[in-house]
K.L.:
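Can you keep this structure in mind? I'll have questions shortly.
Worth saying up front: this structure is predicted, and the values here are computed from it rather than measured. Chain letters run A, B, ... following the sequence lines, proteins first and then strands; every chain starts at 1.
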Number of protein chains: 2
Amino acid sequence: MASAASEDCVRLGLALAERLCQERKMRLTPLRRQVLICLLEAQGAVKAYDLIEMLHKTRKRFTPPSTIYRTLDFLVDCGLVHKIASINSYLPCTCQHHENSLLLFVCSRCKKAQEMDDPKLYVALKQRFEELGLALENGSIEMHGLCHACAKTEA
Amino acid sequence: MASAASEDCVRLGLALAERLCQERKMRLTPLRRQVLICLLEAQGAVKAYDLIEMLHKTRKRFTPPSTIYRTLDFLVDCGLVHKIASINSYLPCTCQHHENSLLLFVCSRCKKAQEMDDPKLYVALKQRFEELGLALENGSIEMHGLCHACAKTEA
DNA sequence: GACAAAAATGCAACGATATATCATTTTCCC
DNA sequence: GGGAAAATGATATATCGTTGCATTTTTGTC
């Protein structure tokens, strides 16, 4: 089910989460860890209720929505996961290096999401907004359009 | 209730809508017109179910969700209104001039939204995405952060 | 104007997404 | 081990959006 690349991704993501939680004295509980693994394995953005289903297969107890949303909030607050509001989905983020320069791209057709790191562009955006008295938040720029694959097959 | 500036806004918005619909042989029905007016008068982003309530005051019949969403879809397709997915809201757009260079800013605190036109920045973004095989869509860049007013009162 | 076709709207039910509240369990720390 | 704090579970409910089909309105044609 999980490819080698995916396994790598999971391992890296978990390692980062563990380091981060230790540093900040937060708890990477079994549930949080399990949710994070689900997200990392999915290789793409996942919806909250899909996570509930995924967890249902591996856990004895049913995990209610409130719990999932709390868990996701935790992971988002940690910066380990991005919420993509426009598709009600969550995307794990392994590469912590772009804390201040993240752009999210969502394909309007296939709904796949990907991150893009471009500090220069991000700074340009940020400055432009500051001129207007607006303070950009990190990791909250969502763009829509066609991805490479979908653009190809478009009529 | 409606200030002079707001009245101007409504007048301009309606004029644009009428011209656009005539050009494209589409129909600006009473309902569509009424929804557009509500949005223009609101001076900010409005939610679908709030529109239902607003319409309930001026119309005899209750307007069901399906109808509202269809109407909003129409207005969005026309380019007269932007959907802001991250706050489930709709924002009218009077200034048609920035068809290809629109950025939307949403305050994470007060949820107020505003448009920003910056062709240069937009082109830079677009080019950067094209390098990655991604084709940006118009009017679909949403950013979050603190607006001027909220940044001031922030602890 | 009468009529059929097409477009728009109304209606009811439902599905998907998210939150509130309180009970219970687990963990932490002394 | 015991009490406080944090996390999770359970239930109900609020919010957001869609589907399918009936009805009304508009359009185009004769």
K.L.:
Quick check for you: to the nearest 0.5 Å, what is the distance between B:Arg70 atom CZ and B:Leu72 atom CG?
P.N.:
11.5 Å
K.L.:
Taking A:Arg19 first and then A:Glu23, would you say they form a salt bridge - that is, a charged N and a carboxylate O separated by under 4.0 Å?
P.N.:
yes
K.L.:
Nearest whole Å is fine: how far is C:dC28 P from A:Gln22 CD?
P.N.:
13 Å
K.L.:
Write down the distance between CG (A:Leu28) and C1' (D:dA6), rounded to a whole number of angstrom.
P.N.:
15 Å
K.L.:
In sequence, state the C-alpha distance, the side-chain angles, and the governing distance for A:Leu55 and A:Ile68, and then conclude on side-chain contact (heavy atoms from CB on, under 4.5 Å).
P.N.:
CA-CA 10 Å; A:Leu55 288 178; A:Ile68 284 291; 3.4 Å; yes
K.L.:
What's the CD1-C1' distance between A:Ile52 and C:dT19, to the nearest Å?
P.N.:
13 Å
K.L.:
Hey, is the main chain of B:Ile84 close enough, under 3.5 Å, to the side chain of B:Ser89 for a donor-acceptor pair?
P.N.:
no
K.L.:
Distance check needed: C:dT19 P versus A:Leu72 CG, whole Å only.
P.N.:
11 Å
K.L.:
What is the distance, to the nearest angstrom, from the CE atom on A:Met26 to the P atom on C:dT27?
P.N.:
17 Å
K.L.:
Can you measure B:Glu53 atom CD to D:dC16 atom P for me and round it to whole angstrom units?
P.N.:
11 Å
K.L.:
B:Asp77 CG to C:dA7 C1': how many Å, rounded?
P.N.:
15 Å
K.L.:
When you check every protein heavy atom under 4.0 Å of nucleotides 9-17 of chain C, what one-letter string (B, S, -) results, 5' to 3'?
P.N.:
BBBB----B
K.L.:
Can you confirm whether the side chains of B:Glu142 and A:Ser86 place a donor and an acceptor under 3.5 Å from each other?
P.N.:
no
K.L.:
If every non-hydrogen atom of B:Arg32 is compared with every non-hydrogen atom of B:Leu75, which pair is closest and at what distance?
P.N.:
O-CD1, 4.2 Å
K.L.:
Does B:Ala48 or B:Arg27 map to a spot on DNA chain D nearer the 5' end, using the closest nucleotide for each?
P.N.:
B:Ala48
K.L.:
Please report, rounded to the nearest Å, how far the P atom of D:dA7 is from the NZ atom of A:Lys25.
P.N.:
15 Å
